> 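A single structure is presented below for examination.
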Number of protein chains: 2
Amino acid sequence: MDKLFKALADGTRRELLDQLFANNGQSLGELCKQMTMSRQAVTKHLLLLEEANLVTIVWQGREKLHYLNPVPIAEIYERWIGKFERHRIEALNTLKQALEEDTNHE
Amino acid sequence: MDKLFKALADGTRRELLDQLFANNGQSLGELCKQMTMSRQAVTKHLLLLEEANLVTIVWQGREKLHYLNPVPIAEIYERWIGKFERHRIEALNTLKQALEEDTNHE
DNA sequence: ATTATATGCAATAATTTGGTTGCATGTAAA
DNA sequence: TTTACATGCAACCAAATTATTGCATATAAT
């Protein structure tokens, strides 16, 4: 879960995911063309995405193709979104109460 | 969105959110008691959570109370989970195809 | 066989992050 | 009005992150 959030915590990496959303299965070279930084920098970002299991690699000859994997994102949903949703109404109510108590100087 | 992901990308900060899940509206001192690091370290983590809008502060006398805010997490869902879900079946299919082409050496 | 292309590996440098410590300030209690 | 408590501010340090560069290797094309 830590690697997943860290992978998503960088704009460049989210941009790479966006590129794969737009066109899945691109090679390293194709992805690099659309970025401003060096190939090695892009490689490192992609490595983190692979380690977070967000991107799957398929070698085709000398080309390395990159495919999106949606599974880890679903885990975020289950672990965090669901949790927040469950607490949502209660949390907002206690916050509201606290704010009222504070402004009313009870 | 960047601050949000970065805020969630640290285990200590997710632990602080967990503490507030368990007991919403805790003061800085109460949160610190449950952590191993210095008060200042905790303060800095909480500041990032505030800037990501995940935690809302209410001052009560000399105490600073911390409340969860579920809204930004919902934004993650809309921006990322939804997007992944929409592409999910298509992405898995193209990946499957690529894997088959690769192993069959066509 | 030679050349061009696609990628990997390793050393390095700059920046960001996570943490500590010491001192200052504001609020409540004795 | 002292004293204790809750927190803020700032300087500083170590470790992790991001990016660059130069060279090496493997595959494809001529």
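Sequence lines set the chain letters: A, B, ... in the order given, protein chains first and strands last, and positions in each chain run from 1. All of these numbers come straight from a predicted model, not from anything done at the bench.
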> Give the nucleotide from the list C:dG18, C:dT20, C:dT7 with an atom nearest to the side chain of B:R13.
C:dG18

> Can you establish whether the number of heavy atoms outside B:K3 located under 6.0 Å from its atom NZ is more than 12?
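At most 12 heavy atoms, drawn from other residues, nucleotides or ligands, come within 6.0 Å of this atom.
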
> Under 4.5 Å between side-chain heavy atoms, counting indirect links through other Ile/Leu/Val/Met/Phe/Trp/Tyr residues: same cluster for B:L4 and A:L17 or not?
yes

> If I take atom CG in residue A:L28 and atom P in nucleotide C:dT5, what distance separates them, rounded to the nearest angstrom?
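That distance rounds to 16 Å.
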
> Any chain of hydrophobic side-chain contacts (each under 4.5 Å) joining B:L48 to B:L8?
no

> Could you point out which residue of B:K33, B:K64, B:E63, B:Q34 forms a side chain to side chain donor-acceptor pair (under 3.5 Å) with B:Q26?
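Result: among B:K33, B:K64, B:E63, B:Q34, B:Q34 is the only option passing the side chain to side chain donor-acceptor pair (under 3.5 Å) with B:Q26.
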
> Between C:dG18, C:dG8, C:dG19, which nucleotide gets closest to the side-chain atoms of B:H45?
C:dG19

> What is the separation between atom CD on B:E15 and atom P on C:dG19, rounded to the nearest whole Å?
11 Å

> Which label fits A:W80 and A:F5: parallel for a plane angle under 30°, tilted from 30 to 60°, or perpendicular past 60°?
perpendicular

> Just the rounded figure in Å: distance from P of C:dT16 to CG of B:L48.
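Rounded to the whole Å, the gap is 14 Å.
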
> Quick test of your reading of the model: are A:D18 and B:R79 salt-bridged, counting only N-O distances below 4.0 Å?
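Salt bridge present between A:D18 and B:R79.
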
> C:dT21 P sits how many Å from B:M37 CE, rounded?
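In whole Å, C:dT21 P lies 13 Å from B:M37 CE.
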
> On DNA chain D, check which nucleotide each of A:A41 and A:K6 is closest to and give me the residue with the more 5' one.
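Comparing both residues, the 5'-ward one is A:K6.
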
> For A:K44 and C:dC9, is the shortest distance between a side-chain N/O and OP1 or OP2 below 4.0 Å?
no

> Would you list the atom pairs, donor with acceptor, under 3.5 Å between side chains in residues 38-47 of chain A and any protein atom, with sequence neighbours excluded?
from: A:S38; atom 1: OG; to: A:A41; atom 2: N; distance (Å): 3.2
from: A:T43; atom 1: OG1; to: A:R39; atom 2: O; distance (Å): 3.0
from: A:H45; atom 1: ND1; to: A:R13; atom 2: NH1; distance (Å): 3.0

> For A:W59 and C:dT7, give me the distance from atom CH2 to atom P, rounded to whole Å.
6 Å

> B:L54 and B:A7: which non-hydrogen atoms are nearest, and at how many Å?
CD1-CB, 4.1 Å

> Tell me, for nucleotides 22-30 of chain C in 5' to 3' order, what letter each nucleotide earns: B for a base near a protein heavy atom under 4.0 Å, S for only sugar-phosphate near one, - for neither?
B----BS--

> For a 4.0 angstrom threshold against heavy atoms of chain B, report the outermost contacting nucleotides of DNA chain D in 5' to 3' order.
D:dA4 to D:dA11

> Decide yes or no for B:T56 and B:E50: does some side-chain heavy atom of the first lie under 4.5 Å from some side-chain heavy atom of the second?
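Side chain of B:T56 against side chain of B:E50, heavy atoms only: no contact under 4.5 Å found.
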
